> 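Encoded as structure tokens, here's the structure I'll be asking about.
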Amino acid sequence: MAAYFDLLSAKLGKAVSQAQSNNDNETLIVLSDKKLIKKAALEIKKKFDILFMLVVVDYKPRFELNYVFSSYSSKDILTLRVNIDEKDYSIDSISKIFDSANWEEREAYDLFGIKFNGHPDLRRILLPEDWPGHPMRKDFIVTDEVRNWTGLDLKF
Amino acid sequence: MEQKKSFRLNIGPVHPATHGVFKIVVDIDGDTIKRAQTEIGFLHRAKEKIAEARYFSNYYPIVDKLDYVSAINMEVLYASLVEKAADIKIPPRAAYIRTIMCEIQRIMSHLIFMGSFGEDVGNITSLVWTLRERELLMNIIEKISGGRLAPMYMTNGGSFYDFPDGISEDITKAIDKIEERINHEYQSFFLKNELFLKRTKGVAIIDQEMVKRLGITGPGMRAAGIKRDLRKDEPYLCYDKVDFDVPVSKDGDAYARFMMRVDEILQSIKIIRQALKDLPAGDYRIKTPWMMKIPPKYTFVRQETPRGEMAMYMVTNGDTKPYRLKIRSATFFNIRALEEALVGEKVADAVVTIASLDPVMGEVDR
């Protein structure tokens with residue numbers, strides 16, 4: 001388990017730190033600087049095949065992004081935790097490195113409104129293009145605009 | 001006269017071949033697909049948001065409708081997640097009951113796949129046949145849980161009811177019949193059927209490189225030659241106590257993906273037989289409070305569902321409800337393969353390609 005941390009800390013130095021995980025086979029690494037996400041992903045790509053899932057947690061006003069990586073040849077999981085704050089809800093996209101991240105990042109953009117810089121096709125994925133707001137945010141309020149949304153421009 | 005080089009065709013969102021509401025936009029030149037774009041989200045029901053407003057014991061009816069073709073697998077996944085987070089150890093009988101129910105549900109799900117796949121190839125009879133076999137198991141699920149499509153059988157700490165008396169004879173009788181049908185009738189119906197082979201062999205190849213790039217899991221991955229099954233590699237429930245094989249193929253075409261499911265049904269039957277034989281006596285559930293608080297932690301669980309590796313990641317904050325629940329849907333990743341697998345295929349094969357991935361949109365859109 002420590003092997004994955006050593007691999008990352010060799011390249012990124014003090015920007016990464018290991019945290020306690022309560023899941024078996026899981027290595028939990030916290031990345032303190034979101035600008036290094038691409039560099040970290042390049043290192044992780046050497047050991048892991050896919051982005052298994054991208055878990056965004058809304059601790060308002062900051063967001064916590066948990067990138068869960070998985071491999072086809074082992075049962076190990078690596079979780080990379082990055083925080084992004086209210087100054088700028090954006091982070092570099094890793095979908096050029098992990099192609100499997102493409103739709104997961106689109107989903108995070110759709111439901112949480114996080115911008116992924118350099119994403120090849122950053123559109124909403126589950127909700128319609130003109131949906132008002134990002135519903136998985138904790139401060140999302142169901143307004144009349146949302147309640148009466150039909151997706152059609154109807155006039156009666 | 002000027003000729004249009006290619007034109008755009010919308011398949012879906014409401015189309016019998018898309019197995020739900022799923023839209024695929026293809027640019028075709030003559031009869032060949034040049035470009036394919038998928039569009040999902042028509043069945044989005046905000047299940048992750050609903051989870052944040054529900055007690056841990058109160059989410060089962062919602063989780064049932066995630067992948068409505070294999071509802072028990074979804075229930076077991078969520079139950080395992082809550083039990084892991086709350087440190088609940090289920091009794092051995094409950095683990096065996098869950099294993100048996102999971103495998104029954106897997107057979108039912110694969111039978112639906114075989115039927116609808118056969119129908120998409122052009123063989124309407126196949127759906128009637130597989131639904132007939134599925135009904136045998138559906139009656140068993142109904143006998144055990146009282147429900148059919150959405151049984152709501154699992155709960156925190158075990159299952160709602162014990163197996164009724166004499167159910168193991170019923171299950172044995174049903175799986176014997178299904179095994180016999182698969183080994184004889186289905187062989188002639190699908191595997192020795194020249195038309196079926198012509199439509200599926202060499203169609204829509206998803207190779208290992210593509211699997212590893214897009215994150216495809218489940219039978220689609222095993223059809224491309226990667227031997228991996230979470231039931232074998234990270235045994236949960238009582239999969240480490242039963243003996244079964246993981247079928248693998250090298251071809252990666254629609255036929256191989258079909259064959260994976262056929263072989264998996266036979267393996268599931270093998271698992272059910274062993275689990276029924278070893279089914280221990282004792283409690284089928286331990287009592288857990290209806291409203292319980294889970295301390296702040298991050299819990300991750302993944303299991304092998306009929307469509308691939310499904311996972312749930314739950315963030316709790318000491319409250320009676322989850323702070324965040326993220327569901328990793330296997331088909332969400334698998335279905336992206338269509339954008340590449342369809343290119344170069346004929347329009348008539350598009351339907352076969354979609355069906356061979358076995359999408360259930362309830363799971364994709366969540």
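Only a predicted model underlies this, so the values are computations on that prediction, with no experimental measurement involved.
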> Between A:S100 and B:G215, which heavy-atom pair has the shortest distance, and what is it?
CB-N, 4.2 Å
> Is there a donor in the side chain of B:R228 and an acceptor in the side chain of A:S73, or the other way round, less than 3.5 Å apart?
no
> Could you tell me whether the side chain of B:Y323 and the main chain of A:D58 form a donor-acceptor pair under 3.5 Å?
yes
> If you count heavy-atom pairs within less than 4.5 Å of chain B, which of A:L51, A:N102, A:L28, A:D49 leads?
A:N102
> Where does B:K227 contact chain A at under 4.5 Å (heavy atoms): side chain, backbone, both or neither?
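It is neither, since no heavy atom gets under 4.5 Å.
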> Among the options B:T217, B:N317, B:I216, B:I327, pick out the one with the most heavy-atom pairs lying under 4.5 Å from chain A.
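Heavy-atom pairs under 4.5 Å are most numerous for B:I216.
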> Is the closest basic N to carboxylate O distance between B:K326 and A:E104 below 4.0 Å?
yes
> With respect to chain A, which residue among B:Y298, B:F300, B:F332, B:Y313 yields the maximal number of heavy-atom pairs within a distance under 4.5 Å?
B:Y298
> Output the option from B:A85, B:A311, B:A46 having the highest count of non-hydrogen pairs under 4.5 Å with chain A.
B:A311
> Using non-hydrogen atoms and a 4.5 Å limit, figure out which bit of A:R81 sits close to chain B: side chain, backbone, both or neither.
side chain
> Closest heavy-atom contact between A:R137 and B:K49?
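Of all heavy-atom pairs spanning A:R137 and B:K49, the closest is O-NZ, 3.1 Å.
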> Regarding B:R213 and the six-membered ring of A:F98, is the cationic atom NZ or CZ under 6.0 Å from the ring centre and inside 45° of its axis?
no
> For A:S70, which atoms come within 4.5 Å of any heavy atom of chain B: side chain, backbone, both, or neither?
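For A:S70, side-chain heavy atoms alone lie under 4.5 Å from chain B.
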> Identify which part of B:E52 has an atom lying under 4.5 Å from any heavy atom of chain A, answering side chain, backbone, both or neither.
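Answer is side chain: those atoms of B:E52 sit under 4.5 Å from chain A.
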> Determine yes or no for a side-chain-to-main-chain donor-acceptor pair under 3.5 angstrom, with B:R336 supplying the side chain and A:W103 the backbone.
no
> Is any side-chain heavy atom of B:H44 less than 4.5 Å from a side-chain heavy atom of A:D110?
no
> If we ignore hydrogens and angles and just use 3.5 Å, is the side chain of B:K212 paired with the main-chain N or O of A:I50 as donor and acceptor?
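No, B:K212 side chain to A:I50 backbone: no donor-acceptor pair under 3.5 Å.
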> Is any side-chain heavy atom of B:Q208 closer than 4.5 Å to one of A:Y72?
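Counting from C-beta outward, A:Y72 and B:Q208 never come under 4.5 Å.
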> In terms of side-chain geometry, is the basic nitrogen of A:E107 or B:R366 positioned less than 4.0 Å from the acidic oxygen of its partner?
yes
> Can you tell which part of B:I226 gets under 4.5 Å to a heavy atom of chain A, answering side chain, backbone, both or neither?
side chain
> Given a strict heavy-atom distance threshold of 4.5 Å, which part of B:V211 is in contact with chain A: side chain, backbone, both, or neither?
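Backbone plus side chain of B:V211, per the 4.5 Å heavy-atom cut-off to chain A.
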> So, the side chain of A:K75 versus the backbone of B:D233: is there a donor-acceptor pair under 3.5 Å, distance only?
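Present.
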